[in-house]
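Computed from a prediction, not measured in an experiment: that's the story for all the values here.
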Amino acid sequence: MARRGNNHNGINIGTTIMCLFLICALAALMVTSGAWDKIARTIPGLNQTGTSIEAIKPQGDAHDKLGLALPAPTPAPGNTTNDPHPSANPTTQTPPPDTTTQPTPNTSGLPAAAASPISIADALTTAQAMPTAKPHTTGYKANRDTLFGGWANSPQLCGTATMRDQILKRDLTNPVLNDRCQVVSGTFTDPYTGQHMTFKRGKDTSSLIQIDHVVAVYDAYASGLWNRSQQERETYANDPDVLLASQGKANMVKSEGINLNGKGGRKGWTQSTPSIWLPDNRGYQCDYMAKRVHIKHKYNLTMSAWEKDETIAFLTQCATQ
């Protein structure tokens with residue numbers, strides 16, 4: 001009987017050990033698989049911090065509390081919280097501000113004479129007081145070669161060079177003159193396009209840089225010079241205040257610089273109000289418009305009704321920039 005009892009106790013002990021082993025294995029499986037978290041959330045009192053296996057892992061500065069000289073965890077790419085276990089959907093980082101410099105209109109290196117002699121505010125006030133009249137175009141095209149004469153000789157350049165040379169000398173950088181005081185070379189930044197250019201006097205190269213009348217002679221004629229003396233017209237055509245060196249192509253596209261027949265632009269213009277031509281170099285447009293007003297006021301010229309309205313509207317925008 002005793003022997004039989006001993007065998008029975010051995011069986012009970014072995015069974016108990018086996019059951020405990022199975023329970024531990026099952027518990028470990030539940031924890032590692034995450035099943036325990038789901039069960040804990042459904043049973044009151046068990047949904048506490050520490051029910052997840054992640055909660056018992058060392059975090060942050062606790063990574064080496066056991067003194068095992070373990071290296072600190074390296075954050076994963078994009079993980080700026082030093083959390084060794086970032087979530088599957090990390091917080092989107094705010095991108096740095098865009099510091100790219102946008103292209104700006106070219107206003108550097110322009111000839112000093114390109115600037116308007118009056119401020120934008122004064123130009124606006126002057127434009128508002130400008131008299132208006134219908135452009136008088138009769139008689140210009142048939143006599144345009146004689147109405148304003150040619151380039152006058154410049155007393156500042158030996159008396160032999162012309163006003164064209166005087167303006168080139170004024171507007172070019174490092175101009176070189178020959179023994180007749182004619183400009184033969186120099187560098188130039190065109191106000192109308194912002195283009196950097198090199199001038200070289202010659203049959204095929206001189207026309208690449210021309211001398212423009214900011215208020216074209218046709219516009220000036222139609223705005224009042226038609227009934228003035230020949231001397232007044234020639235004075236206008238050679239007035240340094242009216243003249244500005246410019247890229248030849250831009251000057252040709254500009255032509256008279258305004259639609260004298262009504263509202264609307266002209267063929268080839270890429271910038272306008274629309275009835276008044278504007279330089280492609282947007283950084284110079286406000287100065288250009290103010291300079292037009294100054295010249296028309298200086299010579300007591302008129303504006304058409306549409307020219308005046310568009311001038312005022314454009315200068316008003318300039319004044320608020």
Cut-off 3.5 Å, side chains only: do [X] and [Y] have a donor facing an acceptor?
X: Tyr192; Y: Asp212; result: yes
X: Asp122; Y: Thr125; result: no
X: Gln317; Y: Gln321; result: no
X: Arg282; Y: Gln285; result: no
X: Thr162; Y: Asn153; result: no
X: His297; Y: Thr126; result: no
X: Gln210; Y: Asn251; result: yes
X: Ser223; Y: Lys296; result: yes

Quick check: closest heavy atoms across [X] and [Y], and the distance to 0.1 Å?
X: Val293; Y: Met303; value: CG2-CE, 4.1 Å
X: Leu172; Y: Phe199; value: CD2-CB, 3.6 Å
X: Pro191; Y: Ala245; value: CD-O, 3.7 Å
X: Cys181; Y: Ala161; value: O-CB, 3.3 Å

Applying side chain to side chain contact (heavy atoms under 4.5 Å, CB included) to Arg292 and Ile258, what does each step give before you reach the verdict? CA-CA 11 Å; Arg292 285 190 83 257; Ile258 188 170; 4.0 Å; yes
Hydrophobic cluster identity match, [X] and [Y], side-chain contacts under 4.5 Å:
X: Tyr140; Y: Val215; value: yes
X: Leu177; Y: Phe188; value: yes
X: Leu244; Y: Tyr299; value: yes

Can you check whether Trp151 reaches Ile211 side chain to side chain, under 4.5 Å on heavy atoms?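 The answer is yes; the side chains approach within 4.5 Å.
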Should Tyr288 and Trp277 count as side-chain neighbours, where that means a heavy-atom distance under 4.5 Å?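 Yes, side chains in contact.
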Assess whether side chain to side chain contact (heavy atoms under 4.5 Å, CB included) is satisfied between Leu301 and Arg228, documenting all intermediate values. CA-CA 11 Å; Leu301 302 178; Arg228 313 279 177 87; 4.1 Å; yes
Any chance you could measure Thr273, atom OG1, to Glu307, atom CD, to the nearest 0.5 Å?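 CD of Glu307 is found 8.5 Å from OG1 of Thr273.
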